[in-house]
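All remarks here apply to the structure that follows.
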Amino acid sequence: INCTETSHKGFLCATATVPLDYTRPTAGTIQLFVVRHPAENSAARQGSLFINPGGPGGAGADSLPRMYPMFPEAVRQRFDLISWDPRGIGSSTAVKCFDSTKEASAFFANVSKGFPRGEHEEKIWVRTYTELARSCKERNPELLEHVSTADSAQDRRSRRREAELLRNVLWHLFGSYVHEHVSVSCAPNHSG
C-alpha cells in the first residue's frame, strides 16, 4: 500500500500482526506499522535491509524516510530498506496515556522543563511521573506488560523469519547492543 503521509513519499506502508505475548501466541495480537522503500533499480535488487534506528522508543517508520537520503546510492539502488514502529509507539499498537494532546499538555503544565532543580521541583516531578505511570498502566494494562526489549527482539525475529522465506535477504540492525544481545539471548541458535 502506498503511504499517505507526504514524508513517506516513495515508501510502501503496511501493518504486520504479531502476538501480544510470544509465550501465549493465541492470547491476542497487536499491529506493527511497517514501511518499505523498494530498491531504486529493481533489476539490480539484491535483497532487503531491515533498519532499526534504536531507542528505546525510536519510531523507525518516521526515522527511515528522514535517513533514506543518507544511505549510499549503491545501497538504495540494490536493496529494499525496511523499518517499523516498535510495539507501544507511533503508528503501531501504541500505549495511550491521554485522550488528546491538550490533555497531555495540561497534565504536564506544572512540571519543569528538563530535569528538576531543587526539592520543590523534584517533588512535583516525582508526583507527576508516578501519576503518569499509574494512569498509563490503568489504560494499557496488558500492552504495558509486553513492550520490553525482549518483546521487540521477538518482533524483529518474526519479521526476519517471514523475509527469509523470500531468500537472498541481507539483515542489518542500526540499534543498540542491548537489543541485539537480547535477541541473541532469546534465540542463540537463530541470531546473526
Side-chain angles (χ1 to χ4, degrees), residues 1 3-5 7-8 11-36 50-67 82-111 124-164 171 173-188 190-191:
I1 300 171
C3 301
T4 57
E5 296 286 327
S7 61
H8 291 112
F11 283 81
L12 301 173
C13 295
T15 55
T17 302
V18 297
L20 172 65
D21 180 353
Y22 281 93
T23 64
R24 299 178 321 148
T26 60
T29 60
I30 61 168
Q31 302 294 310
L32 300 179
F33 181 67
V34 181
V35 296
R36 176 176 70 96
F50 195 75
I51 312 301
N52 174 6
D62 289 335
S63 298
L64 181 56
R66 285 193 312 270
M67 294 174 3
I82 303 169
S83 195
W84 90 107
D85 287 349
R87 55 179 55 222
I89 67 162
S91 296
S92 290
T93 300
V95 172
K96 302 270 192 230
C97 297
F98 302 100
D99 290 329
S100 67
T101 304
K102 185 177 178 180
E103 183 183 344
S105 295
F107 181 84
F108 289 108
N110 294 323
V111 177
I124 292 171
W125 181 278
V126 169
R127 184 174 60 243
T128 301
Y129 282 94
T130 299
E131 175 58 24
L132 176 65
R134 187 201 61 72
S135 175
C136 290
K137 186 169 184 166
E138 189 176 281
R139 289 175 175 242
N140 309 271
E142 289 183 44
L143 181 57
L144 279 175
E145 293 293 322
H146 301 286
V147 292
S148 69
T149 300
D151 291 304
S152 185
Q154 287 283 76
D155 292 341
R156 191 187 90 170
R157 288 187 61 242
S158 171
R159 303 282 59 86
R160 180 177 179 168
R161 279 193 304 271
E162 288 176 12
E164 282 175 345
W171 289 92
L173 174 68
F174 288 118
S176 68
Y177 163 80
V178 172
H179 196 275
E180 187 63 19
H181 179 73
V182 170
S183 186
V184 169
S185 297
C186 290
H190 295 94
S191 63

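Count residues from 1 along the sequence.
Proximity of Thr93 to Arg87: side-chain heavy atoms (C-beta onward) are nowhere separated by under 4.5 Å.
A salt bridge (charged side-chain N to carboxylate O under 4.0 Å, His left out) check over residues 89-101, counting only residues at least two apart or in different chains, returns the pairs Asp99-Arg139. Sorted by first then second residue, the ring pair (Phe, Tyr, Trp, His ring centres under 6.0 Å) pairs that include residues 128-158, not counting sequence neighbours, are Phe108-Tyr129, Trp125-Tyr129.
Within the model, atoms CD of Glu142 and NZ of Lys137 stand 12.0 Å from one another, a figure rounded to the nearest 0.5 Å. Put simply, OG1 on Thr26 and CG on Asp21 are 9.5 Å apart, with the number rounded to the nearest 0.5 Å. The distance from atom CG of Asp85 to atom CG of Asp62, rounded to the nearest 0.5 Å, is 6.0 Å. In this structure, Leu143 CG and Ile30 CD1 are separated by 6.0 Å, a value rounded to the nearest 0.5 Å. Between the CG atom of Leu144 and the CD atom of Glu138 there is a distance of 11.5 Å, given to the nearest 0.5 Å.
When all heavy atoms of Ala61 and Ser83 are compared, the pair lying nearest together is N-OG, 4.4 Å. The shortest heavy-atom contact between Pro25 and Tyr22 is CD-O, 3.6 Å. For Gly60 against Pro65, the heavy-atom pair with the smallest separation is O-CD, 4.1 Å. In plain terms, the two heavy atoms of Thr17 and Gln31 that are nearest each other are OG1-NE2, 3.0 Å.
For the 3.5 Å distance criterion, the side chains of Asp155 and Ser152 fail to qualify, holding no donor opposite an acceptor.
Without hydrogens or angle criteria, Ser92 side chain to Gly88 main chain gives no donor-acceptor distance under 3.5 Å.
Residues passing the ring pair (Phe, Tyr, Trp, His ring centres under 6.0 Å) test with Phe107 are Phe98, sequence neighbours excluded.
The pair Arg127-Glu131 does not meet the salt-bridge criterion, since no charged nitrogen lies less than 4.0 angstrom from a carboxylate oxygen.
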